[in-house]
Amino acid sequence: MGTEGNTPQPGSEHKELNVFLGKWHTTGEVAPAPGEPAAKVDATDIYEWYPGGFFLVHHADGKVGEDAIQSMEIIGYDAESKTYPTSFFDNTGGYGKEHITLEGNTWTWRGTNVIGVKEHRCIAVVSDDGKAIHARHEKSDDGQNWELWMDVTLRKME
């Protein structure tokens with residue numbers, strides 16, 4: 001324990017995560033398998049700071065098709081790699097770790113053997129007014145050739 005006044009404070013990189021804070025309504029769909037209809041996505045996502053302001057906690061609760069999905073993600077910042085490491089867990093026993101990079105208003109998640117796919121990336125673009133995020137999830141078997149997996153939009157709930 002440090003003495004008063006020596007308590008570590010979150011840096012500007014941590015504060016970049018403020019763009020996600022709040023409650024969001026997420027809608028979209030999962031790309032259909034051949035001969036199948038696309039599964040609809042309808043969820044509520046809540047992002048809030050863990051005490052101290054170093055980690056953002058993300059709870060998601062919704063439906064993908066007929067399946068109820070609940071998940072929790074914890075996002076931090078790693079100064080050495082200049083990325084945002086994330087760990088997530090869901091109600092089906094799924095879990096994984098990814099790294100997020102930030103360029104302008106685009107956040108890109110990237111991971112291997114996560115969310116039931118060999119290679120995953122999510123390219124999330126935050127609108128200029130900060131009230132919408134378009135997130136394109138892609139999957140790959142080799143990390144080189146990507147295909148659409150899920151396309152969703154998060155809209156800030158007031």
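Under the 4.5 Å side-chain criterion, counting only non-hydrogen atoms from C-beta, His99 is not in contact with Thr101.
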Name every donor-acceptor pair, under 3.5 Å, that has one atom in a side chain of residues 62-76 and the other anywhere in the protein, sequence neighbours excluded.
residue, atom, partner, partner atom, Å
Glu73, OE1, His58, ND1, 2.8
Glu73, OE2, Thr86, OG1, 2.7
Glu73, OE2, Trp109, NE1, 2.9

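The backbone N or O of Lys82 lies less than 3.5 Å from no partner atom in the side chain of Asp78, so there is not a single donor-acceptor pair. A donor-acceptor contact shorter than 3.5 Å links the side chain of Asp90 to the backbone of Gly93.
Because its NZ or CZ atom is both nearer than 6.0 Å to the ring centre of Trp146 and within 45° of the ring axis, Arg121 counts as a cation-pi partner of that residue.
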For this session: Please test Arg110 against Glu119 for salt bridge (Lys or Arg N to Asp or Glu O under 4.0 Å), starting from the C-alpha separation and ending with a verdict.
Result: CA-CA 8 Å; Arg110 182 73 174 82; Glu119 300 289 337; 2.7 Å; yes

For this session: Would you please test Tyr95 and Phe89 for ring pair (Phe, Tyr, Trp, His ring centres under 6.0 Å) and show each step?
Result: CA-CA 4 Å; Tyr95 63 92; Phe89 313 89; 7.1 Å; no

Problem set entry | Full working for side-chain contact (heavy atoms from CB on, under 4.5 Å) between Lys97 and Phe88 | CA-CA 7 Å; Lys97 293 182 179 199; Phe88 65 90; over 6 Å; no

For this session: Take Trp107 and Tyr84 through the test ring pair (Phe, Tyr, Trp, His ring centres under 6.0 Å) and record every step on the way to the result.
Result: CA-CA 10 Å; Trp107 296 78; Tyr84 296 83; 5.2 Å; yes

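Between His14 and Trp49, the closest heavy-atom pair is O-CH2, 3.1 Å. Counting all heavy atoms, side chain and backbone alike, Val57 lies closest to His59 at CG1-NE2, 3.5 Å. Shown here for Ala132 and Arg155, the closest heavy-atom pair between the two residues is CB-NH1, 4.1 Å.
Rounding to the nearest 0.5 angstrom, the gap separating the CG atom in Asp45 from the NZ atom in Lys23 is 11.0 Å. The CG atom of Leu56 sits 12.5 Å away from the CD atom of Glu16 when rounded to the nearest 0.5 Å. One finds the CZ atom of Phe20 at 15.5 Å from the CD1 atom of Ile46 (value rounded to the nearest 0.5 Å). Here the SG-NZ distance, from Cys122 to Lys139, works out to 14.5 Å after rounding to the nearest 0.5 Å. To the nearest 0.5 Å, atom OG1 of residue Thr26 and atom CG of residue Leu154 are 3.0 Å apart. Asn91 contributes atom CG, which lies 8.5 Å from atom CG of Asp61 (distance to the nearest 0.5 angstrom).
Residue-environment remark: CZ (Phe55) stays at or below the threshold of 12 foreign heavy atoms within 6.0 Å. Within a 6.0 Å radius of CG in Asn105, other residues, nucleotides and ligands contribute more than 12 heavy atoms. Counting heavy-atom neighbours within 6.0 Å of Asp129 CG, excluding the residue itself, gives a total above 12.
Both Tyr47 and Leu102 sit in one connected hydrophobic cluster of ILVMFWY residues. Membership requires side-chain heavy atoms under 4.5 Å apart, directly or through other members. Hydrophobic clustering, with ILVMFWY side chains joined whenever heavy atoms are under 4.5 angstrom apart, groups Leu21 together with Trp24. Linking Ile, Leu, Val, Met, Phe, Trp and Tyr whenever their side-chain heavy atoms come within less than 4.5 Å leaves Ile133 and Ile123 in two separate clusters. Note: the hydrophobic cluster containing Val19 also contains Val152 (ILVMFWY, side chain heavy atoms under 4.5 Å, direct or indirect links).
Between the side chains of Thr27 and Asp42, no donor-acceptor pair is found at a separation under 3.5 Å. Residues His134 and Asp151 bring a donor and an acceptor atom of their side chains to less than 3.5 Å of each other. The closest side-chain donor-acceptor pair between His120 and Asn113, if any, does not fall under 3.5 angstrom.
Ion pairing between Arg136 and Glu138 holds under the 4.0 Å rule for side-chain N and carboxylate O.
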